[in-house]
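Quick notes on the structure that follows.
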Protein chains: 2
Amino acid sequence: MARNVDKSSVPAVTVPRLALYLRKLRELKAQGTARISSQHLAELIDLNPAQIRKDFSYFGEFGTRGVGYEVQRLEEEIAKCLGLWRSWSVIILGAGKLGRALVQYRGFAEYQFNVVGVFDNSEHVIGANYGAGRVRSVAELEEFCAQQPVDIAMITVPAAVAEETIDKAVAAGVRAVLNFAPVKVHVPADVVIRQVDLSSELMFLSFYLDRERE
Amino acid sequence: MARNVDKSSVPAVTVPRLALYLRKLRELKAQGTARISSQHLAELIDLNPAQIRKDFSYFGEFGTRGVGYEVQRLEEEIAKCLGLWRSWSVIILGAGKLGRALVQYRGFAEYQFNVVGVFDNSEHVIGANYGAGRVRSVAELEEFCAQQPVDIAMITVPAAVAEETIDKAVAAGVRAVLNFAPVKVHVPADVVIRQVDLSSELMFLSFYLDRERE
DNA sequence: GCGTGTGAACACCTTCACAGCT
DNA sequence: AGCTGTGAAGGTGTTCACACGC
């Protein structure tokens, strides 16, 4: 059983790996695989088996010595570790092309992340429906969050207004932010923020593409 | 002047930070700031000043002791380090909502990443124009790449066909891949691949949101 | 005097190697 | 005998602290 864990003692790099394990375990379950060893799982996702066992060990003892892990059980435990024992409600701030693409992204619902609202400042899109109800004005944000709990805000507004938009979300009670705008924003310590920076990803590639020039 | 660098000796974590520096330096340049110290830059992007100086030191000596860095010069040097002394051509494989959103993303062109083609397998979108010419069939990929050099492929196809799509891109000569499909794909050693996993980012947030449950 | 550039100290993460349980 | 769980070793990245040059 998953023991109680002080999450600050879990290396931050472990968390995305847990997501990786979870996805692969669901795949294995769908294929009807009942048991798996860290060795075998490691081969499937190209990692060191000790890494996998260590990652699990932050949360409890999920396996059986001499045997391995039961896929079903392990999948459930890891989902729990990631906070997926419940669903989370998500809003999208910015109904531009990216925001609209994310509203309908199927990968979110698979893990019980539900997009419950979309907000924008532009008259051109307010009122339109791209998949999670009509687009609301950002001015309605506070009231909306008061009426129903919102856990996560995805920020897809232009960089110039990202900071103020995030501030509004935090003021409205949102405690987690996924920021697609290419600006680093300061938030209170009890708010989790994560940056997704697409041009920076391309620069990562151009850095290594350009290596032979030296 | 930037010295010749063996890029494999540069920590991988340094690279996204270079992108961060570059963006901030452009901002400073636009504001008319001529000079900056590592101390001041560190405050602006919330990092340790020694970290910044160490990152630069992998590539050369860009500053003046007792003085600091000339913004213009530093910006140019870092752009060069990231391979941005030239432009790079990008194709998008998968003209679904995400792919279509990326075609028109302004952040790419800012750094001379040019989307030169969009490909899909579905009759519903082939022929439509979302911003980088008409959508072509994936079957035309090989021929397209033979006619003009393609540096980077962004993969926005469904997970189930991501692997074969990436294989096709690599076979056609693409040497860098930004994969938005939630599957880890094996590529030859001389191909750079980078994963952007949106549901995994949300799980990162739910992990920390759920911390107080313990 | 001041801020860079960098070896050395430190902290963090990964991997090894084996004790312990089945 | 086999595979997990984990202390200890090893490696990588960060921060300190100071020598060096303006």
Side-chain angles (χ1 to χ4, degrees), chain A residues 1-3 5-21 25 28 33-75 77-78 81 204 207, chain B residues 1-3 5-21 25 28 33-75 77-78 81 204 207:
Chain A
M1 183 52 200
R3 72 169 73 111
V5 175
D6 172 15
K7 297 207 170 178
S8 66
S9 72
V10 178
V13 280
T14 288
V15 183
R17 279 198 302 263
L18 292 178
L20 214 66
Y21 304 148
L25 287 165
L28 289 165
T33 310
R35 254 189 254 149
I36 192 158
S37 65
S38 62
Q39 171 76 56
H40 185 193
L41 185 56
E43 278 160 24
L44 291 177
I45 56 189
D46 200 23
L47 270 174
N48 182 301
Q51 177 80 83
I52 295 180
R53 298 199 300 274
K54 180 72 84 179
D55 283 340
F56 295 166
S57 78
Y58 297 117
F59 301 95
E61 310 199 350
F62 302 150
T64 309
R65 294 172 190 218
V67 179
Y69 302 91
E70 213 189 307
V71 171
Q72 166 83 42
R73 155 96 198 286
L74 186 57
E75 188 261 319
E77 293 287 3
I78 292 176
C81 295
F204 187 94
F207 177 87
Chain B
M1 184 50 201
R3 72 169 72 111
V5 175
D6 171 16
K7 297 205 170 176
S8 66
S9 72
V10 177
V13 281
T14 288
V15 183
R17 280 199 301 263
L18 291 178
L20 213 68
Y21 304 148
L25 287 164
L28 288 165
T33 310
R35 253 188 257 150
I36 191 156
S37 65
S38 62
Q39 171 76 56
H40 185 196
L41 185 56
E43 278 160 22
L44 292 178
I45 56 189
D46 200 24
L47 271 174
N48 182 300
Q51 175 81 84
I52 295 180
R53 297 200 299 275
K54 181 73 85 180
D55 283 341
F56 295 166
S57 78
Y58 297 118
F59 302 95
E61 310 200 350
F62 301 150
T64 310
R65 295 174 189 219
V67 179
Y69 302 90
E70 212 188 309
V71 171
Q72 167 83 41
R73 154 96 199 285
L74 186 57
E75 188 260 319
E77 293 287 4
I78 292 175
C81 296
F204 187 95
F207 176 86

*asked:* So A:Arg17, base contact, sugar-phosphate only, or nothing? Heavy-atom distance under 4.0 Å.
replied: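 Sugar-phosphate: the residue A:Arg17, judged by heavy atoms under 4.0 Å, touches backbone atoms but no base.
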*Search all heavy atoms of B:Phe62 against all heavy atoms of B:Phe59 and return the closest pair with its distance.*
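Looks like CZ-CB, 3.7 Å.
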_Shortest non-hydrogen separation from B:Arg35 to B:Thr33 and the atoms involved_ =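 Nearest heavy atoms, B:Arg35 then B:Thr33: O-CG2, 3.4 Å.
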*Looking at residues 46-57 of chain A, who's got a heavy atom less than 4.0 Å off DNA chain C?*
A:Asn48, A:Ala50, A:Gln51, A:Arg53, A:Lys54
Spatial distance of atom [atom1] ([X]) from atom [atom2] ([Y]) [nearest 0.5 Å]:
{"X": "A:Ile36", "Y": "A:Tyr21", "atom1": "CD1", "atom2": "OH", "result": "12.0 Å"}
{"X": "B:Leu18", "Y": "B:Ile78", "atom1": "CG", "atom2": "CD1", "result": "6.0 Å"}
{"X": "A:Ser38", "Y": "A:Asp55", "atom1": "OG", "atom2": "CG", "result": "11.0 Å"}
{"X": "B:Glu43", "Y": "B:Ser37", "atom1": "CD", "atom2": "OG", "result": "7.5 Å"}
{"X": "A:His40", "Y": "A:Ile52", "atom1": "NE2", "atom2": "CD1", "result": "10.5 Å"}
{"X": "A:Tyr58", "Y": "A:Asp6", "atom1": "OH", "atom2": "CG", "result": "12.5 Å"}

Expressed as a whole number of angstroms, how long is the span from [X]:[atom1] to [N]:[atom2]?
{"X": "B:Glu61", "N": "D:dC22", "atom1": "CD", "atom2": "P", "answer": "10 Å"}
{"X": "B:Gln39", "N": "D:dC16", "atom1": "CD", "atom2": "C1'", "answer": "14 Å"}
{"X": "B:Tyr21", "N": "C:dT4", "atom1": "OH", "atom2": "P", "answer": "13 Å"}
{"X": "A:His40", "N": "D:dT4", "atom1": "NE2", "atom2": "C1'", "answer": "17 Å"}
{"X": "A:Arg35", "N": "D:dT4", "atom1": "CZ", "atom2": "P", "answer": "11 Å"}
{"X": "B:Glu70", "N": "C:dT4", "atom1": "CD", "atom2": "C1'", "answer": "15 Å"}
{"X": "A:Ile36", "N": "D:dT4", "atom1": "CD1", "atom2": "C1'", "answer": "14 Å"}

*Between A:Thr14 and B:Ser37, who's closer to the 5' end of DNA chain C by nearest nucleotide?*
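The answer here is B:Ser37.
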*Between B:Tyr69 and C:dG5, does any side-chain N or O lie under 4.0 Å from OP1 or OP2?*
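So the side-chain polar atoms of B:Tyr69 do come within 4.0 Å of the phosphate oxygens OP1 or OP2 of C:dG5, strictly under.
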*Apply the side chain to side chain donor-acceptor pair (under 3.5 Å) test between B:Arg73 and each candidate in B:Glu75, B:Glu77, B:Glu70; give the one that qualifies.*
B:Glu77
What pairs of nitrogen or oxygen atoms, one from the protein and one from nucleotides 20-22 of chain C, lie under 3.5 Å apart?
{"unit_1": "C:dG20", "atom_1": "N3", "unit_2": "A:Arg65", "atom_2": "NH1", "d": "3.4"}
{"unit_1": "C:dT22", "atom_1": "O4'", "unit_2": "A:Arg65", "atom_2": "O", "d": "3.3"}

